[in-house]
2 protein chains.
Amino acid sequence: MKKLLLYGTILALLTILLQLAEYRFLVIDHTVELYVGIVALIFVVLGVVMGKKLTTPKEVVVEKLISVSSNPSLPFLVNEMVLDKLGISKREHEILLLIAEGMSNQEIADKSFVSINTVKTHVSNILVKLDVKRRVQAIQKARELGIVP
Amino acid sequence: MKKLLLYGTILALLTILLQLAEYRFLVIDHTVELYVGIVALIFVVLGVVMGKKLTTPKEVVVEKLISVSSNPSLPFLVNEMVLDKLGISKREHEILLLIAEGMSNQEIADKSFVSINTVKTHVSNILVKLDVKRRVQAIQKARELGIVP
DNA sequence: ACGAAAATCACCCGAAAGTATGAAAGCCAA
DNA sequence: TTGGCTTTCATACTTTCGGGTGATTTTCGT
């Protein structure tokens, strides 16, 4: 709710500024109508900004289905889209590949130059993101999704 | 974009209305500052409304991934020769298949109507015969040898 | 420069996996 | 029928995995 105060302050300041400016030249050089128009314009813009910032954007959830047909053909290209969709980071993907190689957490830790605890954390996150319970299942699913060979 | 025109029109009309009203009583009864304040307030509100209406409600598209398991080619035939060569029994092969399904020892035990201890024994023997250390590696090797899909 | 996301690490605990050893029962062929 | 193989099961022990929590540091985009 600090935003409300902020906007209120800005509003007040703007008003004061305009009122000060009024006595300098606006009332002299221009008609009152023009002045009012400018004020209106400024505050419309301000209103729009406020509205955008203060309004919680209503989220409409639309489910879309993407079929991932695994390619039994040759070269194997990582399906980046799937990685994005699942929120799997680079590091996580690296470790996923090592898991698919049949390596233990300790071996992965050694190969990656990190502690086994770190590996464990990554693995846990991977399991969650792939929505599986065991690393074996993770390998399967990852293969189906085209993110491991 | 019709909305833009609509709001533009409303804005113009409001301005005109206010200007008309000005000559009737506002300039007489009140100071210019108050008048400006009222205008500002009105247009702030209008701005907020515009902002809300004109802003495309954010759609959060949640894309779900369906893995279309690819089985276009071979029906998979078990390489019996390899099984003989490695001395893997029928029972062991059955369990190997279940391992490759990503099942835990307990799940395999339930499905096979044997105790988990029995499964463990089989698994241990399988690991030895495939010359691997972990079940994940067993799956890989078995797949390479053509004894699991 | 700031905040969010990513990466790192630690500790605890329980579950799962794997090792070792032993043993009983059934099958099958020499 | 005897010896070899398979299948079954158990007990005990060690290692690996996975969940949960919390913390610090890095990185990166605005």
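Throughout, protein chains are lettered first and strands after them, A, B, ... in sequence-line order, and every chain is numbered starting at 1.
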Hey, mind stepping through A:T121 and A:S124 against side chain to side chain donor-acceptor pair (under 3.5 Å) and telling me if it holds? CA-CA 5 Å; A:T121 303; A:S124 281; over 6 Å; no
Indicate yes or no: does A:K141 engage A:E144 in a salt bridge with an N to O separation below 4.0 Å. no
Value in whole Å for how far the P atom of C:dA16 lies from CD1 of B:I99: 16 Å
Would the number of heavy atoms belonging to other residues, nucleotides or ligands and lying under 6.0 Å from CG of A:D131 be above 12? no
Between atom CZ in B:R135 and atom C1' in D:dT16, what is the gap in whole Å? 12 Å
Whether B:K85 and B:E80 form a salt bridge (side-chain N of Lys/Arg under 4.0 Å from carboxylate O of Asp/Glu) is what I want to check. no
CG of B:L83 versus P of D:dT6: gap in Å, rounded? 12 Å
Is it true that A:N105 and A:R135 share a donor-acceptor pair across their side chains at a distance under 3.5 Å? yes
Can you tell me the distance, in whole Å, between the CG atom of B:L127 and the C1' atom of C:dA16? 14 Å
Is any side-chain nitrogen or oxygen of A:S89 closer than 4.0 Å to OP1 or OP2 of C:dA7? yes
Proximity to DNA chain D (any heavy atom under 4.0 Å), residues of residues 102-123 of chain B only: B:V114, B:S115, B:N117, B:T118, B:T121, B:H122
Measure CD1/B:I95 against C1'/C:dA16 and give the value in whole Å, please. 16 Å
Interatomic distance where CD belongs to A:Q137 and P belongs to D:dC17 [whole Å]: 15 Å
Between A:E101 and A:K111, is the closest basic N to carboxylate O distance under 4.0 Å? no
Atom NZ of A:K90 and atom P of D:dT27 are separated, to the nearest Å, by 12 Å
Separation of B:R134 atom CZ from D:dG18 atom P, in whole Å? 12 Å
